[in-house]
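Reading through the structure tokens given below for one structure.
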There are 2 protein chains.
Amino acid sequence: MITSFAGESKNFLDDKSRLSIPAKYRRWISGEDAECTFFITKGSDPCLVAYPEPEWEIFTEKLQQLSQFKKKNRSFIRTWSRNSIRLKCDKQGRVLLPQEHLNFANIKKEVIIIGALNYLELWDPETLEKHQESQIPLDDDYYEDLADIL
Amino acid sequence: MITSFAGESKNFLDDKSRLSIPAKYRRWISGEDAECTFFITKGSDPCLVAYPEPEWEIFTEKLQQLSQFKKKNRSFIRTWSRNSIRLKCDKQGRVLLPQEHLNFANIKKEVIIIGALNYLELWDPETLEKHQESQIPLDDDYYEDLADIL
DNA sequence: TATAATTGTGGGTAGATGTGGGGAGAAATC
DNA sequence: GATTTCTCCCCACATCTACCCACAATTATA
């Protein structure tokens, strides 16, 4: 089965930098909320991206095909890996986010959690709003191309 | 199962040149942190590279395919082998790094440990920063090629 | 509507982790 | 064989992590 998130929630970091993952997403991954592990990385946009472990494994298996005797591969893998961390939910369904990552996404206290197909995005509300405003609207060409697969 | 490290930590050498391997990586290898053995070698970049024992074995098997009747192969294998040492974690999860290797990677006290798929990289912080700055950014061609496998 | 269950948040505390250093035994050197 | 050096066990301890319990707010159920 393919993980497929949807929707949006707003939660708050507590004083220990812990974030509750909305229960609906936890249930999405593991039928019951037993174990629940995410890989969190810095997004291409100024937000954090969280993949459930199974999705992550699919991706890393592919990456392992890259030979480490090519300089560019090492560079790519290094950058990717440095920004990625494995986070396990605690018994209350929270993950402890490192300060480094919070800074990257400009997250202080409030966090918007967006379910996007097979990953979650974590946004600072203000940053998200500004980012949306600055986006170039999608043009007809884009939809034309989109039509090729949809 | 494939080993697949991720993330980054900062630890310190103690006065005896011992380095704590972050517990998350030790657990990653052996479900419980029982035995934990690494092969450490000098990287293609100015850092040390640590393979968990099983990964090392896979790698050496591949090396055996190189014909020893080619001068360059002999040279490569010789250099590789000379620089590789087997290090077992002590009961506190530390490995004793030889001075020779520390010098190679320019490691003094602080060590950045990067989990990179099936190996770990050990960096001196300054050296890492300089190295990253001096890298040619990955170009479009690279990502085009990458798209073939991802 | 009233009651029960779930969810998100807060905070105390036991245990895990990283670091330092003493000292016993092994290995190397003289 | 004696001395020195090296390695690895042990204990110690500050810091960090993740468990537990608690409770308010929300949602679901009777």
Side-chain angles (χ1 to χ4, degrees), chain A residues 5-40 50 53 85-102 107-115 120 122-125, chain B residues 5-40 50 85-103 107-115 120 122-125:
Chain A
F5 300 119
E8 170 176 338
S9 330
K10 186 175 70 178
N11 281 352
F12 294 85
L13 282 189
D14 66 16
D15 293 348
K16 297 177 183 175
S17 296
R18 292 177 299 189
L19 176 71
S20 261
I21 303 294
K24 55 181 175 182
Y25 298 137
R26 278 176 315 199
R27 248 177 280 120
W28 222 311
I29 296 171
S30 52
E32 274 319 297
D33 43 3
E35 291 273 289
C36 186
T37 306
F38 287 93
F39 278 83
I40 300 204
E53 193 165 39
I85 31 164
R86 185 175 193 265
L87 294 184
K88 200 158 141 279
C89 290
D90 69 14
K91 288 282 165 68
Q92 275 75 257
R94 296 174 287 196
V95 292
L96 182 69
L97 294 168
Q99 197 56 49
E100 161 70 14
H101 283 70
L102 294 177
I107 292 172
K108 277 90 54 183
K109 177 79 182 163
E110 208 174 333
V111 185
I112 306 276
I113 301 147
I114 301 176
L120 301 177
L122 312 182
W123 285 89
D124 167 67
Chain B
F5 299 121
E8 169 177 338
S9 328
K10 186 174 69 177
N11 281 354
F12 294 85
L13 282 188
D14 65 17
D15 294 347
K16 298 176 183 177
S17 296
R18 291 177 300 189
L19 177 72
S20 261
I21 303 294
K24 56 181 175 182
Y25 298 138
R26 282 178 316 209
R27 246 177 284 119
W28 222 312
I29 296 171
S30 52
E32 274 318 298
D33 43 3
E35 289 274 288
C36 187
T37 306
F38 287 93
F39 279 83
I40 299 202
I85 32 166
R86 185 174 191 269
L87 294 183
K88 201 159 141 279
C89 289
D90 69 14
K91 287 283 165 67
Q92 273 75 256
R94 298 176 285 197
V95 291
L96 182 68
L97 294 169
Q99 198 56 48
E100 160 70 12
H101 283 69
L102 294 176
N103 292 345
I107 292 172
K108 277 91 54 181
K109 176 80 182 163
E110 210 174 332
V111 185
I112 306 276
I113 301 146
I114 300 177
L120 301 177
L122 312 182
W123 284 88
D124 167 68

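Reminder, nothing fancy here: chain letters follow the sequence lines and each chain counts from 1. Here the structure is a predicted model, which means the values were calculated and not measured.
- When the options B/S20, B/C36, B/C89 are evaluated for a side chain to side chain contact (heavy atoms under 4.5 Å, CB included) with B/V95, the one that passes is B/C89.
- Considering only the side chain of A/R18, C/dG11 comes nearest among D/dT17, D/dC8, C/dG11.
- The interatomic distance linking B/I85 (CD1) with D/dT7 (P) rounds to 10 Å, in whole Å.
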| message | Determine whether A/V111 and A/L97 satisfy the following criterion, side-chain contact (heavy atoms from CB on, under 4.5 Å), listing intermediate values before the conclusion. | response | CA-CA 12 Å; A/V111 185; A/L97 294 168; 5.8 Å; no

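- The residue among B/P22 and A/S20 whose nearest nucleotide of DNA chain C lies closer to the 5′ end is A/S20.
- Between A/I114 and A/Y25 the shortest heavy-atom distance is C-OH, 4.2 Å.
- The separation between A/F12 atom CZ and C/dG8 atom P is 12 Å, rounded to whole Å.
- Nucleotide C/dA16 holds its P atom 16 Å from the CG atom of A/D90, rounded to whole Å.
- Atom NZ in B/K10 sits roughly 14 Å away from atom C1' in C/dT19 (whole-Å rounding).
- When heavy atoms are screened at a 4.0 angstrom cut-off, B/K109 is found touching the sugar-phosphate backbone but no base atom.
- Rounded to an integer number of Å, the gap from A/I21 CD1 to D/dA18 P is 14 Å.
- Applying the salt bridge (Lys or Arg N to Asp or Glu O under 4.0 Å) test to B/K24 and every residue at least two apart in sequence or in another chain returns nothing.
- Interatomic distance, B/W123 CH2 to B/I113 CD1, rounded to the nearest 0.5 Å: 14.0 Å.
- Atoms CG (A/L19) and C1' (C/dT9) sit 11 Å apart, rounded to a whole Å.
- Around the NZ atom of A/K88, the shell of radius 6.0 Å holds no more than 12 heavy atoms that belong to other residues, nucleotides or ligands.
- Within the nucleic acid shown, B/L13 comes within 4.0 Å of sugar-phosphate atoms alone, with no base atom in reach, counting heavy atoms only.
- For the pair A/R86 CZ and D/dA18 C1', the interatomic distance rounds to 15 Å; values are reported in whole Å.
- The main-chain N or O of A/I112 is never found under 3.5 Å from a side-chain atom of A/K10 such that the two would form a donor-acceptor pair.
- Side chain A/K16 to base C/dG12: a donor-acceptor pair is found below 3.5 Å.
- With rounding to whole Å, B/I113 atom CD1 is found 10 Å from C/dG18 atom C1'.
- Of all nucleotides listed (C/dG10, C/dT19, C/dG8), C/dT19 comes nearest to the side chain of B/R94.
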| field | Footprint string (nucleotides 22-28 of chain D, 5' to 3'): B base within contact, S backbone only, - free, heavy atoms under 4.0 Å | value | -------

